[in-house]
Amino acid sequence: MALIVQKYGGTSVGSIERIQNVANRVIDTYNQGKDVVVVVSAMGKSTDHLIQMANDISDNPSKRELDMLVSTGEQVSMSLLAMALQQKGYQSVSLTGWQAGIKTEAAHGNARILDINNKRINGHLAEGNIVIVAGFQGLTDEEEIATLGRGGSDTTAVALAASLKAEKCEIYTDVTGVYTTDPRVVGGARKLESISYDEMLEMANLGAGVLHPRSVEFAKNYNVKLEVRSSIEKETGTMIEEEVSMEGNLTVRGIAFESNVTKVTVHGLQDDINTLAKLFTILSDQKINVDIIIQNTNGKEATDISFSLDSEVLNQALEVLSEYQPELNYDHITYEGDLAKVSIVGSGMISNPGVAAKMFNVLSSNGIKIKMVSTSEIKVSTIVSSTTMISAVECLHEAFELEERKTVEV
Ligand code: ADP
Ligand code: ASP
Ligand code: MG
């Protein structure tokens, strides 16, 4: 029988009423003769509340216990949904990540799914059950609960869809699809009919929180048919798929943005052949992720290197760099916080050389200073001051003609 995986996010299961609504939508699909596996997130903001409690009780909660705590959020919503379905006369069973056979790597708080043994899910489906699975969690080889990173329930859903060879994976959320940019921030944002895996992956990695980046990776690698749509409105959502027809001559499909970026500059490093290697090995050994890197050599012996990172890891980076000062032999370090990354994304850019130039012109003519830049075949990212982030997104959205097209009345 054809199988559909549906995932409902936090807002969509945020109250008893919302869970009833989800139950009705699941039943609609089941009554169309489909097998249904449902992945749920924790109710509303309950994951945030659990993390807050951990921080209230401990300065530095251990990652293992934090996973034990936050994984409970999804167990609340999964059992309530199963009860709602049973109450409506449907057979349903809820499963934690480990009961559903989800194996992860041993990395608390940010684990990747390694494998899924879907025997138990298949058994319950064969008995006519609607199977509900807790999102965001799995079990390591050491039989420890590990979570997949914030927003990770999307990845549970797509990984299950791949493993169960589902006809489709539907991500139900609080917006009606993937938009040209966050519709909660830019009023004129337009819903996309479709977007390619590669474009969606860039958007998700560059800050568009609508999908967990790893879910898009899974969808691309296993060719999962993926749709993002509303849990309330009935309208069709956005398809994420391999090939997407260009709408008109659109070179830019969307704009992503994220704040909390800091730029660090290491001044007066010796310009040796292995300087870069040494500096970034020290940072990567501490699992500090750096993003954009700029080297300023001016023909002299010393060089300055700037890089951007998530502001959350700034102190850790400063500590390790100061510890290694004698080895790196730099002069001093400066940093600039309160920055943001604004990126334009679109596969049409590959064949369109003027896109980056246009972006820089638009930003400069709107008085927005660009502090760093990085490009790939299908995106251009700029680092700007956070105070200018929203206006940067708005003026780029307009300049690249992404806004909702008004219907002309005749
Ligand atoms: P869920 O709890 O259902 O997983 P999320 O909050 O994780 O929901 O994701 C949905 C949110 O993603 C929307 O409310 C919206 O603010 C945000 N978002 C960011 N960028 C986009 C985009 N390009 N298109 C749609 N939504 C976006
Ligand atoms: N409940 C988790 C979170 O809030 C996972 C998810 O919602 O996808 O991040
Ligand atoms: Mg989400």
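Atoms within each ligand, like the ligands themselves, are counted from 1 in listed order. Computed over heavy atoms, backbone and side chain alike; hydrogens, waters and symmetry mates excluded.
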Asks: So, using side-chain contact (heavy atoms from CB on, under 4.5 Å) as the criterion, who are the partners of Ser71 when residues are at least two apart?
Replies: Gln137, Ile145, Thr147
Asks: Need the ligand 1 atom indices (1-based, order shown) with element for anything under 4.0 Å from a heavy-atom of Ala208.
Replies: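 This gives 20 (N) as the contact atoms.
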Asks: I'd like to check whether Asp174 has a polar contact with ligand 1, where a contact means an N/O of the residue lying under 3.5 Å from an N/O of the ligand.
Replies: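 Yes, at least one N or O pair falls under 3.5 Å.
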Asks: Any Lys/Arg nitrogen of Glu336 or Lys263 sitting under 4.0 Å from an Asp/Glu carboxylate oxygen of the other?
Replies: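 Lys263 and Glu336: not salt-bridged.
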Asks: Which of the atoms of ligand 1 are close to Val178, meaning less than 4.0 Å from one of its heavy atoms?
Replies: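 Result: 24 (N).
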Asks: Between Glu144 and Arg64 (salt bridge meaning N to carboxylate O under 4.0 Å), is one present in this structure?
Replies: yes
Asks: Between Lys191 and Glu235, does at least one N-O distance fall below 4.0 Å, as a salt bridge requires?
Replies: yes
Asks: Using a strict threshold of under 4.0 Å (side-chain N to carboxylate O), is an ion pair present between Arg214 and Asp154?
Replies: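 No, no charged N to carboxylate O under 4.0 Å.
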Asks: Any atoms of ligand 1 less than 4.0 Å from a non-hydrogen atom of Arg184? List them with their elements.
Replies: 13 (C), 14 (O), 16 (O)
Asks: Could you say whether the N/O atoms of Asp154 and ligand 1 ever approach to under 3.5 Å?
Replies: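 Asp154 vs ligand 1: no N/O contact under 3.5 Å.
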Asks: Is the side chain of Ser92 donor-acceptor paired with the backbone N or O of Ile130 at a distance under 3.5 Å, no angle test?
Replies: yes
Asks: Mind jotting down which protein residues get a heavy-atom contact under 4.0 Å with ligand 2? Chain and number order, please.
Replies: Ser41, Ala42, Thr47, Glu74, Phe136, Arg150, Gly151, Gly152, Ser153
Asks: Between Lys168 and Glu227, does any side-chain N to carboxylate O distance fall below 4.0 Å?
Replies: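 A salt bridge links Lys168 with Glu227.
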Asks: Would you indicate whether Gln91, at its atom CD, is surrounded by more than 12 heavy atoms from other residues, nucleotides or ligands within a distance under 6.0 Å?
Replies: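 Check passes, neighbour count above 12.
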Asks: What is the closest protein heavy atom to atom 27 (C) of ligand 1, and at what distance does it sit?
Replies: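 The answer is Val210 CB, 3.6 Å.
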Asks: Just to be sure I read this right, does ligand 1 sit under 4.0 Å from the backbone of Thr181, its side chain, both, or neither, counting only heavy atoms?
Replies: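 Only the backbone of Thr181 comes within reach of ligand 1.
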Asks: Quick check on Asp28: does its CG atom have over 12 non-hydrogen neighbours (other residues, nucleotides or ligands) under 6.0 Å away?
Replies: yes
Asks: Is Arg253 salt-bridged to Asp198, cutoff N-O under 4.0 Å?
Replies: no
Asks: Can you tell me if Lys278 has over 12 outside heavy atoms packed within less than 6.0 Å of its NZ?
Replies: yes
Asks: Check this for me - ligand 1, Asp182, N or O atoms closer than 3.5 angstrom, yes or no?
Replies: yes
Asks: Would you say Gly151 touches ligand 1, if touching means a heavy atom closer than 4.0 Å?
Replies: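 Heavy atoms of Gly151 never come under 4.0 Å of ligand 1.
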Asks: If you draw a 6.0 Å radius around CD in Glu143, do more than 12 non-hydrogen atoms from other residues or ligands fall strictly inside?
Replies: no
Asks: Using heavy atoms and a 4.0 Å limit, tell me yes or no: is Pro183 in contact with ligand 1?
Replies: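 Pro183 counts as a contact of ligand 1 under the 4.0 Å cut-off.
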Asks: Quick one: look up the protein heavy atom nearest atom 25 (C) of ligand 1 and list residue, atom name and how far away it is.
Replies: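 Checked against all protein heavy atoms, atom 25 (C) of ligand 1 sits closest to Gly177 O, 3.3 Å.
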Asks: Counting both backbone and side chain atoms, is some N or O of Gly10 under 3.5 Å from an N or O of ligand 1?
Replies: yes
Asks: Around atom 8 (O) of ligand 1, find the nearest protein heavy atom and jot down its residue, atom name and distance.
Replies: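 Result: Thr173 OG1, 3.1 Å.
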Asks: Among protein heavy atoms, which sits nearest to atom 23 (N) of ligand 1, and what does the distance come to when rounded to 0.1 Å?
Replies: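 Sorting protein heavy atoms by distance from atom 23 (N) of ligand 1 puts Tyr179 O, 3.0 Å first.
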Asks: Whether Lys358 engages the ring of Phe400 as a cation-pi pair (distance to the six-membered ring centre under 6.0 angstrom, angle to the ring normal within 45°) should be assessed.
Replies: yes
Asks: Of all the non-hydrogen atoms in the protein, which one sits nearest to atom 4 (O) of ligand 1, and at what distance?
Replies: Lys7 NZ, 3.0 Å
Asks: Counting non-hydrogen protein atoms only, what is the nearest one to atom 7 (O) of ligand 1? Give residue, atom name and distance.
Replies: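 I find the closest protein heavy atom is Gly209 O, 3.5 Å.
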